[in-house]
Structure formats: structure tokens, C-alpha cells
Amino acid sequence: GAGVSQSPSNKVTEKGKDVELRCDPISGHTALYWYRQRLGQGLEFLIYFQGNSAPDKSGLPSDRFSAERTGESVSTLTIQRTQQEDSAVYLCASSSHSYEQYFGPGTRLTVT
Amino acid sequence: DQQVKQNSPSLSVQEGRISILNCDYTNSMFDYFLWYKKYPAEGPTFLISISSIKDKNEDGRFTVFLNKSAKHLSLHIVPSQPGDSAVYFCAASSLYNTNAGKSTFGDGTTLTVKP
């Protein structure tokens with residue numbers, strides 16, 4: 001079946017511009033996660049959606065970052081006024097009733 | 001404070017030998033542990049997991065050991081194959097967390113298996 005998809009796969013933007021990253025989770029998965037991986041570093045948790053519960057935003061690094069999810073489907077991560085330190089691979093994952101997460105291929109964001 | 005630590009950033013082993021990747025955690029509320037494998041330009045993929053009620057879980061060439069008293073887990077790969085070369089992430093979750101299912105990840109260990 002279809003896995004988690006993310007778009008775009010690559011995004012180059014100028015400092016100060018806003019960007020939107022999209023994630024399509026596996027159908028039926030109630031949980032959706034966003035992570036950031038900077039070059040040579042581990043997975044940094046950003047935000048977690050679980051069903052209709054309030055999202056866990058504890059990992060968002062600043063108020064320039066926000067995310068939305070429509071029901072139990074698509075999610076968008078928005079970064080406003082991008083900075084060079086926002087350059088990273090942004091990974092989305094979804095899961096059903098288990099702890100096991102299924103990851104998308106990521107969006108590589110480069111801020112110039 | 002990093003709750004899940006993989007102290008070895010890299011590991012190199014010879015094909016056919018055993019690879020042992022280690023992970024330590026500090027939060028005693030963690031009760032479910034997972035290993036993921038990541039190839040370049042791909043997202044991580046689930047490899048194997050273990051519940052805190054067990055101390056060992058085996059799946060083919062992969063075995064995960066859990067030592068709760070030491071708050072330590074390890075992933076053993078035997079025999080190692082060149083295709084196992086990847087970054088391995090350790091992750092931990094808590095059933096008691098209000099956001100059960102949310103995992104905390106380590107920084108990863110890059111495994112290189114030499115032919």
C-alpha cells in the first residue's frame with residue numbers, strides 16, 4: 001500500500017520567505033509527527049497530532065513554526081520568515097495504534 | 001537534557017561479524033523501545049522493538065536486549081552484511097505519557113559494514 005508521502009522533496013528558499021511543507025500520512029493512521037534533522041544530527045521532535053486531541057507542540061523551536069492537520073489526513077508545516085538555521089531535512093511520520101512510526105522520505109529545505 | 005543517548009556516533013565492522021549498537025536512556029517511565037534504520041535520502045524505517053516486560057526480542061539477524069536496571073538497550077546484528085550499512089536510531093516511548101506513541105529519539109549511530 002501507499003506509504004507516507006511528502007512534498008516537495010527539495011525546497012530552496014531565500015532567507016525571510018515563508019515555506020509550506022506537506023505530508024500525506026498512511027490512510028487510517030491517527031497519529032502524525034513532524035521531525036527535523038539537521039546535517040549530522042539526530043531527529044528533533046517538532047509536533048505531534050493524535051486524532052482530535054490538541055496537538056503536542058512542545059518541540060516547535062519558535063513561533064515562526066506552525067503546523068496544521070485536516071482531520072486524520074494531510075498536514076502542513078509552515079515556517080515563516082525562514083532563517084539559515086532552518087535548513088534541514090523535515091521528516092513526517094504517521095502511526096496507527098502502535099508505537100511504530102512510518103516515515104516519509106523527507107523534505108530537504110535549504111535557506112540561502 | 002537528552003533522555004535517549006547513543007554515545008557512539010559511528011561503528012565499523014567486518015562483514016560476517018557481529019555489530020552491537022548501544023543506547024542508554026534516563027527516563028524510567030519509558031516502557032517501549034524501538035530501533036529504526038535510515039539510509040541516505042530516505043526516511044527511517046522501523047526495524048525491531050521491545051517492551052519493558054521483556055529483556056530480549058529476536059527477529060532474524062536482529063536481536064534487541066533490554067537491561068532495565070541499567071537503563072540500557074542494545075541492538076545486535078549477526079552476521080553483519082554490507083547492506084546493513086546505515087544510520088541506526090534508538091527510540092523510547094512511555095505508555096503512561098499522555099501522548100502515548102510519541103517517541104524520543106537518540107542521535108543515531110552510523111554503521112559501516114566492510115566487505
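Numbers restart at 1 for each chain; the letters A, B, ... are given by sequence-line order, proteins then strands.
- A distance below 6.0 Å separates the ring centres of B:Phe105 and A:Tyr35.
- Looking at A:Gln37 and B:Lys38, their side chains come closer than 4.5 Å, going by heavy atoms from C-beta outward.
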Test side-chain contact (heavy atoms from CB on, under 4.5 Å) on A:Leu43 and B:Phe89; report intermediate values, then the result.
CA-CA 9 Å; A:Leu43 296 177; B:Phe89 290 99; 4.2 Å; yes
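- Here the shortest heavy-atom pairing between B:Pro44 and A:Leu91 reads CD-CD1, 4.1 Å.
- Only the side chain of A:Phe45 comes within contact range of chain B, judged by heavy atoms closer than 4.5 Å.
- Both B:Tyr88 and B:Val13 belong to a common hydrophobic cluster when Ile, Leu, Val, Met, Phe, Trp and Tyr are linked at side-chain heavy-atom distances under 4.5 angstrom.
- More than 12 heavy atoms of other residues, nucleotides or ligands sit less than 6.0 Å from atom CD of A:Glu85.
- In the hydrophobic clustering of this structure, B:Ile77 does not group with B:Val87; members are Ile, Leu, Val, Met, Phe, Trp, Tyr whose side-chain heavy atoms approach within less than 4.5 Å, directly or through other members.
- No other option in A:Ala31, A:Gly40, A:Gly106, A:Gly42 has as many heavy-atom pairs under 4.5 Å with chain B as A:Gly42.
- Proximity to chain A is absent for every atom of B:Ala91, based on heavy atoms less than 4.5 angstrom apart.
- Between atom CD of residue A:Glu100 and atom CG of residue B:Leu47 there is a gap of 10.0 Å, rounded to the nearest 0.5 Å.
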Residue pair A:Gln41, B:Asp107: steps toward the side-chain contact (heavy atoms from CB on, under 4.5 Å) verdict
CA-CA 6 Å; A:Gln41 298 186 17; B:Asp107 285 345; 5.8 Å; no
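- Taking 4.5 Å as the limit, some side-chain heavy atom of A:Ser58 sits within range of a side-chain heavy atom of B:Lys102.
- Between the side chain of B:Tyr36 and the main chain of A:Gln101, a donor-acceptor pair closer than 3.5 Å is present.
- Cluster annotation: B:Phe46 and B:Ile50 are assigned to distinct hydrophobic clusters (Ile/Leu/Val/Met/Phe/Trp/Tyr, side-chain heavy-atom contacts under 4.5 Å, transitive).
- Taking hydrophobic clusters as Ile, Leu, Val, Met, Phe, Trp and Tyr residues chained together by side-chain heavy-atom distances below 4.5 Å, B:Trp35 does not share a cluster with B:Phe65.
- Following chains of ILVMFWY side-chain contacts shorter than 4.5 Å, one cannot reach A:Phe65 starting from A:Tyr48, and the two form parts of different hydrophobic clusters.
- The 12-atom threshold is exceeded at CZ of B:Arg61, counting heavy atoms of other residues, nucleotides or ligands nearer than 6.0 Å.
- Around CD of A:Glu68, the count of heavy atoms belonging to other residues, nucleotides or ligands within 6.0 Å does not exceed 12.
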